[in-house]
Structures are given as C-alpha cells and as structure tokens.
Amino acid sequence: MNDASDLNAAPPAPQERLPTLNRRFDFGSYAETRHFLDQMADLSRREDYYPNVSFGKTYVNISIDAEGQAALAERNSSFTSEMEALAAAGKA
C-alpha cells in the first residue's frame with residue numbers, strides 16, 4: 001500500500017544544465033577521419049583531457065562539457081582551438 005505522504009511530496013528540482021560545446025567534423029574519407037582521431041588521441045594524452053567522442057566512417061562528433069563551471073573553461077577553449085586546427089589541417 002502506498003503512503004499518502006508520497007502523493008504530497010515536492011517534485012524533484014530540475015538539474016541545471018551546464019554549457020556544452022558540441023562540434024561535428026566531416027571528412028572526405030575514412031583515412032582522413034582515422035588520421036584526425038589519431039591526432040586527437042595524441043592531443044588528449046598531451047593535455048590529459050578526454051572529451052566525449054563518437055564517430056562514423058567520414059565524421060567525428062566531439063562534446064566538451066563545462067566541467068562544473070557556468071561557462072566553458074579556458075582550458076577547454078584552447079583544447080577546442082587545437083582540435084579545430086587539427087581538423088582543418090587534415091582536410092587540406
């Protein structure tokens with residue numbers, strides 16, 4: 001039997017959504033995609049920072065969270081700049 005007090009319980013507070021940067025990189029071939037992923041792995045090891053990555057044959061999706069801050073951290077911004085430079089170099 002349900003307790004009557006459960007019916008009057010306040011609804012849970014909504015979770016605050018933190019800023020997230022989502023970026024998709026498209027490539028012309030699997031070889032270009034793989035090259036970018038290898039370079040991203042090197043960058044992640046060097047920076048000791050590992051964003052969420054998903055990929056297919058000719059694309060890579062990367063999500064970078066704000067790490068508990070109200071805005072994307074400066075470190076994330078520099079990581080993002082390097083990541084975008086790697087993608088641009090891979091398409092040239």
Side-chain angles (χ1 to χ4, degrees):
M1 183 174 204
N2 289 340
D3 186 2
S5 64
D6 289 346
L7 298 175
N8 296 321
Q15 290 184 337
E16 181 181 343
R17 289 189 175 221
L18 298 173
T20 301
L21 172 69
N22 295 304
R23 186 75 160 84
R24 179 182 170 113
F25 298 97
D26 292 299
F27 299 94
S29 68
Y30 175 75
E32 290 176 3
T33 303
R34 184 66 213 190
H35 181 70
F36 175 73
L37 289 170
D38 290 341
Q39 290 182 314
M40 280 295 301
D42 291 341
L43 174 61
S44 289
R45 281 190 290 274
R46 187 172 64 246
E47 297 290 326
D48 193 31
Y49 183 74
Y50 301 90
N52 295 317
V53 177
S54 62
F55 61 95
K57 184 177 179 180
T58 58
Y59 70 90
V60 177
N61 290 319
I62 297 180
S63 296
I64 297 177
D65 299 327
E67 297 181 349
Q69 298 177 17
L72 290 173
E74 183 178 324
R75 178 177 180 196
N76 290 350
S77 179
S78 69
F79 184 91
T80 301
S81 296
E82 288 187 54
M83 176 181 66
E84 290 176 353
L86 290 174
K91 292 178 184 178

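The first residue of the sequence shown is numbered 1, and numbering continues consecutively from there.
Using a 4.5 Å cut-off on side-chain heavy atoms (C-beta onward), Glu82 and Arg46 make contact. For the pair Val53 and Leu37, the minimum side-chain heavy-atom distance is below 4.5 Å. Between Phe79 and Met40, the closest side-chain pair of non-hydrogen atoms falls below 4.5 Å. The closest side-chain heavy-atom distance from Arg34 to Phe27 is not below 4.5 Å. Residues Met83 and Ile62 are in side-chain contact: their nearest non-hydrogen atoms beyond the backbone lie under 4.5 Å apart.
Partners of Phe55 by ring-ring contact (aromatic ring centres under 6.0 Å, His included), not counting sequence neighbours: none found. Every side chain to side chain contact (heavy atoms under 4.5 Å, CB included) that Asp42 has, sequence neighbours left out, goes to Arg45. When the side chain to side chain donor-acceptor pair (under 3.5 Å) test is applied to Ser44, no partner is found at least two apart in sequence or on another chain. Looking at residues two or more places apart in sequence or on another chain, you find a side chain to side chain contact (heavy atoms under 4.5 Å, CB included) between Asn61 and Arg24, Ser54, Tyr59.
Gly56 and Thr33 make their closest contact through O-CG2, 3.7 Å (heavy atoms, listed as atom of the first residue, atom of the second, distance). In plain terms, the two heavy atoms of Asn22 and Ser63 that are nearest each other are OD1-OG, 2.6 Å.
When hydrophobic clusters are built by joining Ile, Leu, Val, Met, Phe, Trp and Tyr residues whose side-chain heavy atoms come closer than 4.5 Å, directly or via intermediates, Tyr50 is not grouped with Phe36.
Taken to the nearest 0.5 Å, the CG atom of Leu43 stands 6.0 Å off from the CG atom of Leu86.
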